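So you know, we letter chains A, B, ... as the sequences are listed, proteins then strands, and number each from 1. Since the model is a prediction, treat every value here as computed from it, not as a measurement.
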Amino acid sequence: MTTQVKHVDEVTIRFAGDSGDGMQLTGTRFTETTAIAGNDLKTLPDYPAEIRAPAGTLGGVSAFQLMFGSKTVFTSGDAPDVLVAMNPAALKVHLKELVKGGVILANADAFSDKNLKLAGWESNPLEDDSLSSYTLYSVQMTKLVNLALAESGLAPKSIDRTKNMFALGILFWMYNRDPEPTFRWLKEKFSKAPVLAEGNITAIKAGYNYGDITRIFNTSYRVERAEIPKGKYKSVTGNEATAYGLVAAAKKAGKEIFLGSYPITPASEILHTMSKLKNFGVKTFQAEDEIAGITSAIGASFAGDLACTTTSGPGLALKSEAIGLALITELPLVIVNVQRGGPSTGLPTKTEQSDLLQALYGRNGDGEVPVIAASTPSDCFYAAYEASRMAVKYMTPVILLTDGYLGNGSEPWKIPSVDELDDFEISHPKAEDFSEDVKFQPYKRDEVTLARPWAIPGTKGLEHRIGGLEKVDVSGDVSYEPMNHQVMTHLRVDKVAGMTREIPQTEIFGEAKAKLLVLGWGGTFGAIHVGVDRAQQKGYSVSQIHLRWVNPLPADLGDIFKNFDEILIPELNMGQLSKIIRMNFLRDVIQLNKVQGLPFKGSEIETKIYSILDKK
Amino acid sequence: MSDKNAIKVEPVALTRKDFVPGNEVRWCPGCGDYSVLAQVQKMFPEMGIKREDFAVISGIGCSSRFPYYMDTYGFHTIHGRATAIASGVKLANPALSVWVVTGDGDGFSIGGNHMIHLLRRNIDINVLLFNNRIYGLTKGQYSPTSLPGAKTKSSPFGSIDNPFIPASVAFGAEASFIARAIDVDVKNMQDVLMESHQHKGTSFVEIYQNCVIFNDGAFADVSNKKTRPDHALFVKHGEPMVFGADQNKGIIIDGSHPKVVDIGKEYPIERILVHDKTNPLITNLLLQMTLDNHFPTPFGVLRQVDKPTYDEGLISQIDAAKEKLGEGGLEELLALGDVWEV
Ligand code: SF4
């Protein structure tokens, strides 16, 4: 059989296998290689909450999807074109999503009677012709790595484990990828066990050569380089980008940074990433619980560090009371919530826009806190940077919402230069600024921002007390006076409301006046963009707005809304932004709500747009 | 460790007055808190630390109003979290002398978790635990240190809770410094405060404090000047455990148990147990005597050992990483990882 070379614009591949099969690693290596090859891409890891669910079961299937292409890629792809299935359970779980005619690359050796039974197959789908509407490549990967590594000196178990690298080798061949960067990476990763490094490299080579020599594959693909702006790039996940954004803010401001955090899925990688940055002076404190995570950060903020805490939904709930403390003491603090499926423990490893209302309202009292949301993995960098800047400028806690899809997903990121980052200057009051006549007053506000001064312990002459009790404006003394509470409540609300001055003019993708506006926030940006873009290309009158600031909302939003007949709000929740928009603008909206622990597909948005506009 | 990360101790020309902010103190007349406040205001100027380098952090409760009455940097926080907040203060600025003021409810009920973790981490913070065995600010419910049978507003038939002995919890949490004082004994409290300041690591000071309103006389036998000598044992490192109005009683080890004896022919002073604050067996023995009517209640520094502190560990890891990899700036941060050029 001869192999033809096919040129395609974009491809979606899903790697699926048992939790122990190393699918996340395989996917990540393919991603890195693809990014370096100059394609744009987005990824979506999808793994079970259990570290090792029983082998071979449907519950134990772990998957990693990426879409890459020669154009800008906005999502991790709707349905996979290629499914790598390392066992029968993986095939069972993911087959229904594979596009018709798509490619299945299966490890035939894993399709034993026992595994087939565990996964609920009545007969072996690789042999019974039931997959005839797909292009099936059934390869005895386990056997082949055993042959290739017979002389390697590796234990039989370790040899079996390299089958994922064999699959990776086949894909490298299929998509014409240079395996060299992965070889380098393996050598570094296993620098203390060169036998393992060599074994894995041999497995990749064996897979690559298998593709090249056996010619069982009738097609190999070329995905040309994407037209992306010149510059330096690196691949980041949203969680990494968040960590870098926080530390970059501290560096730009000349501050030390303190992270108080308690491990929680899917936010822990922010803690991991920052813990590595010791030579950047980053202080990370793994607290005893969520409450200590945020309260230690509040203490660090009082003492003058740029302070932050990171968590996910249930953790934000535990931090509620402390957010109120940061709010009333008017201390800068960044609270990052990498949202996951709720309520309660919910779906720890799955994404959801679960906590917008919690972020906005989850406190006792009139607890206005600015809330901003990141829209892509690399945007987490800028959102975290912005959150830090705003926290300090306005002396307030700021909640940054990302989600599991952004946090774990990755994309190539064009690294900004130092000058491209917004200025971030911090000034602390000093003893010299005051005298007998002009006394230091801890709650004397900036006239524009209403921020109070950030006087830090250790500064001579500015000793003062703060706390959770209501304050008198200016002096900061404790007060239970009725009118004082009225004044202070207004001041706190006005301070946040005034932050609209920081929000740039709202960008509209599409016409400023159209039949339909699709309004989103946070991690749904890519899918909404794809849906709107496709509809626009078909001539539909539809535009997109995506919110970074959810509290306060941009000041121009009300006027913009007037130019649209209908507003569609797709959300990965039951309609939390929809509530906010209805309440603030007294205007009805159409909802599209998905709560399956999965991100939107571009096609879901597209279909909804058609169903609205075709009716008209 | 660089200077900016160490508490600066040098002669300072400060007096008690410098620490009195001049606002009205609002505890009930006769409350034991007044005495503790007075001793702290007296001892701070003697510690050789500049006023601006003190930070007093509290939670919620009667005693937690303390920061408002100290003219230092202060933070009156939320219920139970003072120890966690103080941890952040100290780690952000290790040059500060950080003092936590908390109570039996704040520190051992709602804040119990943060308390034990602070103690095991051994962050260089001083904790003053005001133990009045009652909830004062919420008007008289039993606390985790109330004795069994205590009749309070929420235990009208007597408390069926088994109490904590705070100093024992501290011991179980691997505290490196454990001391006990009582509001009415000024001299002992001053000594304990000074030693607490001098100790590197978390200093845990339990202070018996009388709540005149809701639990008056909770510590009567040791607070009453007449009965105190026979009911209180003030220990000093390296000295025999002697007590009694005539200093005629002592503690010995009889087999594997402590025993109170009259010092004399049968039990000469040489046989009396000598306090060793570094010996965990001795500390434990003293702690076990606390609620046992056969023994006096021990006061003073019950335990003091030198252990690595978390704050020094954190700073030295950062220093070592900077030394090895060079200090990272913004440029280096952005260039981290596998970077490729398009
Ligand atoms: S209620 Fe008790 S502890 Fe509180 S101030 Fe009054 S006497 Fe002191």
Completion exercise
chain A shares the most heavy-atom pairs under 4.5 Å, among H114(B), R81(B), H117(B), with H114(B)

Handout entry: Residues E332(B) and K251(A) bridged, charged N to O under 4.0 Å
Key = no

Practice task
Compare all side-chain heavy atoms of C308(A) with those of M274(A) and state whether any distance is below 4.5 angstrom.
Solution key: yes

Handout entry: Region of A250(A) that comes under 4.5 Å of a non-hydrogen atom in chain B
Key = neither

Practice task
Over 60° means perpendicular and under 30° means parallel, so classify the ring planes of F302(A) and Y73(B), tilted if in between.
Solution key: perpendicular

Exercise for the section: Return the minimal non-hydrogen interatomic distance between V236(A) and A241(A), and the atom names on each side. Expected result: CG2-CB, 4.3 Å

Practice task
State whether the number of non-hydrogen atoms from other residues, nucleotides or ligands found under 6.0 Å of K8(B) atom NZ is greater than 12.
Solution key: no

Handout entry: Test item: N279(A) side-chain N/O and G326(B) main-chain N/O as donor-acceptor pair under 3.5 Å
Key = yes

Problem - Atom group of T72(B) that falls short of 4.5 Å from chain A, counting heavy atoms - result: backbone

Practice task
Quick one: closest heavy-atom pair of H197(B) and M47(B), and the distance?
Solution key: NE2-O, 3.4 Å

Problem - With sequence neighbours excluded, residues passing side-chain contact (heavy atoms from CB on, under 4.5 Å) with P377(A) - result: K42(A), L406(A), E411(A)

Practice task
Answer yes or no: are there more than 12 heavy-atom neighbours, outside K139(B) itself, under 6.0 Å from its atom NZ?
Solution key: no

Practice task
Give a yes or no on whether R16(B) atom CZ has more than 12 heavy-atom contacts from other residues, nucleotides or ligands under 6.0 Å away.
Solution key: yes

Exercise for the section: Give a yes/no verdict on a cation-pi contact between K234(A) and Y244(A), requiring under 6.0 Å between NZ or CZ and the six-membered ring centre and an angle within 45° of the axis. Expected result: yes

Exercise for the section: With a 4.5 angstrom heavy-atom cut-off, could you sort out which part of L325(A) is near chain B: side chain, backbone, both or neither? Expected result: side chain

Exercise for the section: Sort by residue number and list every member of residues 96-113 of chain B having a non-hydrogen atom under 4.5 Å from chain A. Expected result: L96(B), N113(B)

Exercise for the section: Cation-pi check, R452(A) to Y443(A): give yes when NZ or CZ is under 6.0 Å from the six-membered ring centre and within 45° of the ring axis, no otherwise. Expected result: yes

Handout entry: Geometric cation-pi criterion, R65(B) with W27(B): 6.0 Å, 45°
Key = no

Handout entry: Which of S296(A), P457(A), G468(A), A303(A) touches chain B most, by non-hydrogen pairs under 4.5 Å
Key = P457(A)

Practice task
Can you see which heavy atom on A82(B) is nearest to which on S58(B), and at what distance?
Solution key: CB-C, 3.3 Å

Problem - Any residue of residues 334-342 of chain B which, by heavy atoms, sits under 4.5 Å from chain A - result: L334(B), A335(B), L336(B), D338(B), V339(B), W340(B), E341(B), V342(B)

Problem - Proximal component of R121(B), with respect to chain A [non-hydrogen, under 4.5 Å] - result: side chain

Problem - I36(A), part contacting chain B, at a heavy-atom distance under 4.5 Å - result: both

Problem - Portion of F54(B) that has a non-hydrogen atom of chain A nearer than 4.5 angstrom - result: neither

Handout entry: K319(A): which of T309(A), D289(A), T295(A) passes side chain to side chain donor-acceptor pair (under 3.5 Å)
Key = T309(A)

Exercise for the section: Output the option from E256(A), K230(A), E321(A), E240(A) having the highest count of non-hydrogen pairs under 4.5 Å with chain B. Expected result: E321(A)

Practice task
Among the options G231(A), A292(A), G324(A), pick out the one with the most heavy-atom pairs lying under 4.5 Å from chain B.
Solution key: G231(A)

Fill in the blank from the handout: Looking only at heavy atoms, the pair that brings A300(A) and A307(A) closest together is CB-CB, 4.3 Å

Exercise for the section: Taking atom CD of E331(B) as the centre, report whether more than 12 heavy atoms of other residues, nucleotides or ligands fall under 6.0 Å from it. Expected result: no

Exercise for the section: Could you have a look at I298(A), I291(A), V247(A), I294(A) and say which one has the most heavy-atom pairs with chain B under 4.5 angstrom? Expected result: I291(A)

Handout entry: Toward chain B, the part of Y233(A) with a non-hydrogen atom under 4.5 Å
Key = both

Name the atoms and distances for all side-chain donor-acceptor pairs under 3.5 Å in residues 167-176 of chain B, with sequence neighbours left out.
unit_1	atom_1	unit_2	atom_2	d
S176(B)	OG	N122(B)	OD1	2.7
S176(B)	OG	H199(B)	NE2	2.7

Practice task
Considering only heavy atoms and a distance below 4.5 Å, find which of I466(A), I257(A), L462(A), I328(A) pairs most often with chain B.
Solution key: I466(A)

Problem - chain A contacts, top residue of E52(B), Q317(B), K90(B), E323(B) (heavy-atom pairs, under 4.5 Å) - result: E52(B)

Practice task
Let me know if L306(A) has heavy atoms under 4.5 Å from chain B in its side chain, its backbone, both or neither.
Solution key: neither

Problem - Leading residue by heavy atom contact count with chain A [cutoff under 4.5 Å; candidates D71(B), T77(B), L118(B)] - result: D71(B)

Practice task
Look at S235(A), A297(A), G260(A), P181(A) and state which one has the largest set of heavy-atom pairs under 4.5 Å with chain B.
Solution key: S235(A)

